[in-house]
Amino acid sequence: MSSEDNSPSPRRIPSRNPSPPPAEMLGEGVDLHADNIGDTAYSKHWFFTTLMNLIQEVEKKEQTEVRKGGEEEAGAAGIDIDEELENELCKLWDMSINKDVGRFLQEFHAVDILMGVINKSQAPRVTEICVGILGNMACCDEICKDISNNEKLVDVILGLLEDPDAPTLVETSRLIHTCVSNKDVRTNWLTPMKRDSTVYTAILFILQSSTNVDLLHNLSSLLDLVLDVDEELLVAWAMPDFVQGLHEAIKQTGEEKELTVDSYLHCLQLLSTTENGVQALVECTGVLFPRLTAHVARVCGEDVIAVGGRERSLASAMSVLNVLFSSAGEEALVLLEKNSYCVECVMQLFEVIQEDRRTSMTLAAAGASQKSTPVSTPHSTRHRTEEKSESDVNGTGRRTCAEGSPRTDTSQSQETEASGSEDHGKSQDTVPVVRNLMEVHMLYSVTVEFLADIVKALPKGESQVAGYLNGCTRDQIESMVLALQDHTDDTLIPHLEEVLSGSEDKYPRLAAAIGMDAS
């Protein structure tokens with residue numbers, strides 16, 4: 001035999017994965033997928049083991065704390081769990097958004113298990129993950145009802161609004177929002193929220209002191225929804241300190257977070273529909289009027305004024321500005337004088353709104369389909385690239401494992417009335433056009449009312465506010481006059497004529513727009 005024959009042959013690399021063992025080796029009737037959850041590749045045994053490990057870890061920590069005594073028990077709140085178990089729990093959190101996994105967890109009584117863990121755990125990370133898993137499971141309608149019908153769990157979750165851990169609060173507010181969005185069970189949450197004053201106190205504290213952008217966003221969505229669907233809570237919470245809290249949250253969030261600011265502005269507008277709310281808003285005029293004026297001015301300060309996608313936030317701001325202005329009495333014009341750019345910004349915006357309204361009406365009348373971006377006009381062609389989807393924002397910004405991937409996904413969450421997402425997924429081609437027309441018309445109507453009240457407040461003769469109006473372009477002034485001529489209050493134009501009588505030469509553009517001779 002040659003030396004070549006004795007040398008070891010090179011290792012052969014298989015060209016494919018090995019075939020599964022033949023059925024006769026497994027035994028008759030063995031199902032290869034018996035351990036899988038539904039149509040997924042997730043293992044039932046893995047879920048069972050992970051949850052059991054979590055329970056054992058929490059019980060072990062609890063026993064350790066009891067042995068150490070009361071003084072050290074308080075310090076245990078900052079202790080987290082084993083890193084390996086945390087990573088496993090994070091995987092479970094990710095997987096729980098799957099409906100099949102959610103149903104399996106429900107059958108496995110995971111809701112009760114997680115509630116027990118939340119009650120016992122002193123580890124903030126464990127609480128955050130457990131609430132996050134419940135939030136994902138609640139995206140399934142039947143599980144949402146199961147969670148909401150558990151009175152003890154509802155009380156536990158609402159109690160977590162007082163938790164000092166911001167990431168836990170992020171997930172808590174998301175879970176409550178998801179459940180309140182379900183019309184069938186929202187009463188199960190709203191009733192204890194009205195009964196327990198600590199809920200209001202906790203929410204107010206978050207509004208006034210939180211710097212966590214994700215928490216402020218989730219809370220804005222929750223408050224927008226709650227105040228919109230429950231009149232009792234709207235009236236009960238219509239207090240100056242609540243208005244101050246909303247203002248502080250807007251200031252902390254920053255105008256760049258348009259979706260969050262939109263929700264908080266709508267909360268202020270909802271408050272303005274109640275008598276107590278108007279009083280609370282008026283008490284905060286000193287901080288609110290400049291803030292709302294700055295919001296409108298920011299839009300007008302862009303190179304190309306963009307109204308599309310901002311109709312609700314602008315309408316909310318205009319509406320509250322008008323409430324503050326109309327309630328100021330003799331000090332109304334002083335408000336505009338102190339915020340001199342308010343009139344100019346409103347007039348600039350109104351010109352764009354009118355053009356958008358005409359375009360939207362034309363498209364709606366023609367039965368046109370608008371499937372992509374909002375209606376655009378020569379003055380409003382640059383729109384935000386930020387998509388108006390609450391779920392996209394709600395699913396980010398949480399503490400995660402090393403990879404930094406988000407642990408939640410609310411893309412399958414319940415319909416949200418307050419966020420305006422009820423039209424998503426509808427197949428009718430005309431829905432976006434009609435909806436756009438309604439939003440633009442709402443903004444148009446609110447702005448006309450504000451301008452009408454400004455004109456009614458003008459004194460006869462010279463005034464700074466009349467000068468602000470006259471300083472606008474001829475097109476802007478003519479747009480305002482046309483709208484006032486169509487207004488139900490037919491005294492507006494005669495009043496403006498009386499105001500300008502004898503001062504035509506000082507306000508030539510205003511005089512010309514209503515047909516008065518400025519010579």
Side-chain angles (χ1 to χ4, degrees), residues 285 289-290 292-302 305 307 314 317-358 377-380 443-519:
T285 298
F289 205 92
L292 297 174
T293 300
H295 176 74
V296 176
R298 179 177 178 272
V299 176
C300 296
E302 296 178 345
I305 298 177
V307 172
L314 287 171
M318 292 283 196
S319 179
V320 177
L321 280 171
N322 195 19
V323 167
L324 299 177
F325 179 79
S326 302
S327 304
E330 296 179 357
E331 297 296 314
L333 293 179
V334 176
L335 274 178
L336 294 181
E337 291 168 3
K338 288 181 178 179
N339 300 272
S340 57
Y341 54 99
C342 179
V343 173
E344 180 184 354
C345 291
V346 173
M347 291 288 281
Q348 284 180 348
L349 200 58
F350 184 62
E351 184 182 17
V352 178
I353 294 168
Q354 274 201 321
E355 294 191 19
D356 271 8
R357 181 168 173 263
R358 293 191 198 101
T377 70
H379 287 274
S380 57
L443 176 56
Y444 173 84
S445 300
V446 170
T447 310
V448 169
E449 289 303 319
F450 190 20
L451 288 172
D453 285 341
I454 291 174
V455 168
K456 281 189 284 188
L458 290 175
K460 184 176 180 179
E462 298 183 34
S463 70
Q464 282 185 300
V465 176
Y468 297 154
L469 288 171
N470 189 74
C472 298
T473 67
R474 293 184 184 277
D475 288 343
Q476 291 167 0
I477 295 173
E478 289 174 1
S479 293
M480 179 192 71
V481 170
L482 286 173
L484 295 180
Q485 289 172 342
D486 292 336
H487 197 277
T488 54
D489 187 350
D490 55 10
T491 66
L492 290 171
I493 297 301
H495 174 71
L496 189 56
E497 291 175 347
E498 183 180 354
V499 167
L500 298 178
S501 179
S503 303
E504 295 91 340
D505 57 333
K506 294 185 179 297
Y507 310 114
R509 290 180 182 175
L510 275 175
I514 60 175
M516 295 180 70
D517 188 359
S519 61

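Positions are given from 1, in the same order as the sequence printed here.
- Summarising the geometry of Asn339 relative to Pro290, their closest heavy-atom pair is OD1-CA, 3.6 Å, with the distance given to 0.1 Å.
- Listed by chain and residue number, Leu333, Ser463 satisfy the side-chain contact (heavy atoms from CB on, under 4.5 Å) test with Pro459 (two or more places apart in sequence, or in another chain).
- For the salt bridge (Lys or Arg N to Asp or Glu O under 4.0 Å) condition, no pair includes a residue of residues 328-338, sequence neighbours left out.
- Rounding to the nearest 0.5 angstrom, the gap separating the CE atom in Met516 from the CG atom in Leu496 is 8.0 Å.
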Start with the C-alpha distance between His487 and Ile493, add both sets of side-chain angles, then the distance that settles side chain to side chain contact (heavy atoms under 4.5 Å, CB included), and finish with yes or no.
-> CA-CA 10 Å; His487 197 277; Ile493 297 301; over 6 Å; no

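- Two residues are said to be in side-chain contact when any heavy atoms from C-beta on lie closer than 4.5 Å; Leu469 and Leu458 meet this criterion.
- Here Glu498 pairs with nothing under the salt bridge (charged side-chain N to carboxylate O under 4.0 Å, His left out) rule; sequence neighbours left out.
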Kindly indicate, with the supporting measurements, whether the criterion side chain to side chain contact (heavy atoms under 4.5 Å, CB included) is fulfilled by Ile353 and Leu349.
-> CA-CA 6 Å; Ile353 294 168; Leu349 200 58; 3.9 Å; yes

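- Between Cys345 and Val296, the closest heavy-atom pair is CB-CG1, 4.1 Å.
- Minimum interatomic distance between Gln348 and Cys300 (heavy atoms only, all atoms of both residues): OE1-CB, 3.4 Å.
- By the side-chain contact (heavy atoms from CB on, under 4.5 Å) test, Cys472 is found to be paired with Met347, Gln476, Ile477, residues two or more places apart in sequence or in another chain being considered.
- Residues passing the side-chain contact (heavy atoms from CB on, under 4.5 Å) test with Thr285, sequence neighbours excluded: Val282, Phe289, Leu324, Leu335.
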Derivation and outcome, side chain to side chain contact (heavy atoms under 4.5 Å, CB included), residues Asp356 and Leu443 | CA-CA 10 Å; Asp356 271 8; Leu443 176 56; over 6 Å; no

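- Residue Glu449 holds its CD atom at 10.0 Å from OG of Ser319, rounded to the nearest 0.5 Å.
- Scanning for salt bridge (charged side-chain N to carboxylate O under 4.0 Å, His left out) contacts around Lys460 gives an empty result, with sequence neighbours left out.
- Atom OG1 of residue Thr293 and atom OH of residue Tyr341 lie 5.5 Å apart, to the nearest 0.5 angstrom.
- Leu500 CG to Ile514 CD1: the interatomic distance, rounded to the nearest 0.5 Å, is 4.5 Å.
- For Ala483, the side-chain contact (heavy atoms from CB on, under 4.5 Å) partners two or more places apart in sequence, or in a different chain, are Phe350, Gln354, Tyr444, Val448.
- Scored by the side chain to side chain donor-acceptor pair (under 3.5 Å) test, Asp453 finds Asn322, Ser326, Lys456 as partners (sequence neighbours excluded).
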Would you sort out whether Met480 and Leu510 count as a side chain to side chain contact (heavy atoms under 4.5 Å, CB included), showing the intermediate values?
-> CA-CA 10 Å; Met480 179 192 71; Leu510 275 175; 4.1 Å; yes

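- Under the side chain to side chain donor-acceptor pair (under 3.5 Å) criterion, Asp489 pairs with Thr491, sequence neighbours left out.
- Atom NE2 of His495 and atom CG of Leu484 lie 11.0 Å apart (nearest 0.5 Å).
- By the salt bridge (charged side-chain N to carboxylate O under 4.0 Å, His left out) test, Arg474 pairs with no residue at all, sequence neighbours left out.
- Here the shortest heavy-atom pairing between Gly471 and Arg509 reads O-NH1, 3.7 Å.
- Looking at every heavy atom in both residues, Ser503 comes nearest to Gly461 through OG-CA, 3.9 Å.
- From Ser445, atom OG reaches atom CE of Met318 across 12.5 Å, with rounding to the nearest 0.5 Å.
- Taking every heavy atom of both residues into account, Phe325 and Ala457 meet most closely at CZ-CB, 3.7 Å.
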